[in-house]
There are 2 protein chains.
Amino acid sequence: MADEDLGALCVRVTRRLIDAERPLLDARGLSMWAYVALTHLAEAPAPTQMALAEQMGYDKTRLIAILDQLAEEGLIERAPDPEDRRARIVRLTAAGRARQLEAQADIRAMESELLDGLSDAERATLREVLAKLAG
Amino acid sequence: MADEDLGALCVRVTRRLIDAERPLLDARGLSMWAYVALTHLAEAPAPTQMALAEQMGYDKTRLIAILDQLAEEGLIERAPDPEDRRARIVRLTAAGRARQLEAQADIRAMESELLDGLSDAERATLREVLAKLAG
DNA sequence: TATTGTTATACTCTATAACTATA
DNA sequence: TATAGTTATAGAGTATAACAATA
């Protein structure tokens, strides 16, 4: 028989990446999902927490505890939307943006090292193809 | 800023693959980990359950319940090793091998469909690079 | 004393439903 | 009535330690 299932292969690669990311994020005082939240907020503030949860592919009820802690650390702000007082607009603070950039730099460095043995063409194809498959 | 983190990309692709696999495995009466176990056993019988667990990247204590059910369904056999009566050699039955092949065929078909828009070269590079990154 | 398989226990993560305040 | 945020609860998944049998 031939190759390993593509799914199994992706699981192994993903697990390896996550295992490598975890200590880097720990050192910055961020959980994996806190980092994901900061990264999405770095693109643009979220009009509602629900929108942020959906964007992250995460559950809105679990996101709350994450945002609570990020707010407590001063990395994000939750401001009531003046036009819909049910909603809370979520945005990074300056400290939050700084923290996100630091963590992302660590992660990018780790990824570069991991991709060290690949050619530029292989790297480009990898990203391109994964982006397609991610849908 | 530039691209998404490689890790985030892999998480999304992996999640998509798993979401697509789950209903296929459900239809064959297999959990994800049961399928992983059958697939590893299809390569070769396992000399011990611990060896199988390690090969799968799974926990030996959780594997037991999986193997219990697979044995109850007649898909695997656990025979005491005559040379070390602590150990139990695990191997597929004919039914187990058949079930694994059916499930794998379903999964391969799904994967082919997912890769439909890619060139042969892209597919080859994807597999090759992922295999390298999987370590 | 160390190892295989097993069981038990505690802990975390996840999913679901219900509550409040607004609309 | 429907939605955003929140809280509570139950279930699944996970990690750890302890036990019996064998080496």
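Proteins get letters first, then strands, A, B, ... in listed order; numbering begins at 1 in each.
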Between A:Arg86 and C:dA23, is there a contact of a side-chain N or O with OP1 or OP2 at under 4.0 Å?
no

Here's a test of your reading of the structure: between B:Glu83 and A:Ile64, which maps to the more 5' nucleotide of DNA chain D?
A:Ile64

Please compare A:Asp68 and A:Asp84 by the position of their nearest nucleotide in DNA chain D and report the one closer to 5'.
A:Asp84

With no hydrogens and no angle check, do the side chains of B:Thr125 and A:Thr125 hold a donor and an acceptor under 3.5 Å apart?
no

Give the residues of residues 15-25 of chain B touching DNA chain D, defined as any heavy atom closer than 4.0 Å, sorted by residue number.
none

What contact category does A:Asp59 fall into here, base, sugar-phosphate, or nothing, at under 4.0 angstrom with non-hydrogen atoms?
base

I need the single residue from A:Asp68, A:Leu38, A:Leu52 that forms a side-chain contact (heavy atoms from CB on, under 4.5 Å) with A:Ile76. Which is it?
A:Leu38

Determine: side-chain N/O of A:Arg78 to OP1/OP2 of D:dA4, distance under 4.0 Å, yes or no.
no

Could you walk me through whether A:Leu75 and A:Leu30 pass side-chain contact (heavy atoms from CB on, under 4.5 Å), step by step?
CA-CA 11 Å; A:Leu75 302 179; A:Leu30 295 172; 4.2 Å; yes

Nearest to the side chain of A:Arg62 - C:dT4, D:dT14, C:dT14?
C:dT14

Expressed as a whole number of angstroms, how long is the span from A:Asp81:CG to C:dA23:C1'?
12 Å

With the 4.5 Å side-chain cut-off for hydrophobic clustering, are A:Ile107 and A:Leu101 part of the same group?
no

Do B:Arg99 and B:Glu102 have side chains that get closer than 4.5 Å, going by heavy atoms?
yes

Can you confirm whether B:Asp81 sits close enough to B:Thr48 that some side-chain heavy atom of one is under 4.5 Å from a side-chain heavy atom of the other?
no

Please tell me if the side chains of A:Leu17 and B:Leu133 come closer than 4.5 Å, counting only heavy atoms from C-beta onward.
no

Return no unless some side-chain N or O of A:Arg85 is found under 4.0 Å from OP1 or OP2 of D:dA4.
no

Out of D:dG5, D:dT7, C:dA8, which has the shortest distance to the side chain of A:Met50?
D:dG5

Residue-phosphate contact under 4.0 Å: A:Arg88 side-chain N/O, D:dT6 OP1/OP2:
yes

Of the candidates C:dT6, D:dT6, C:dT14, the side chain of A:Trp33 sits closest to C:dT14

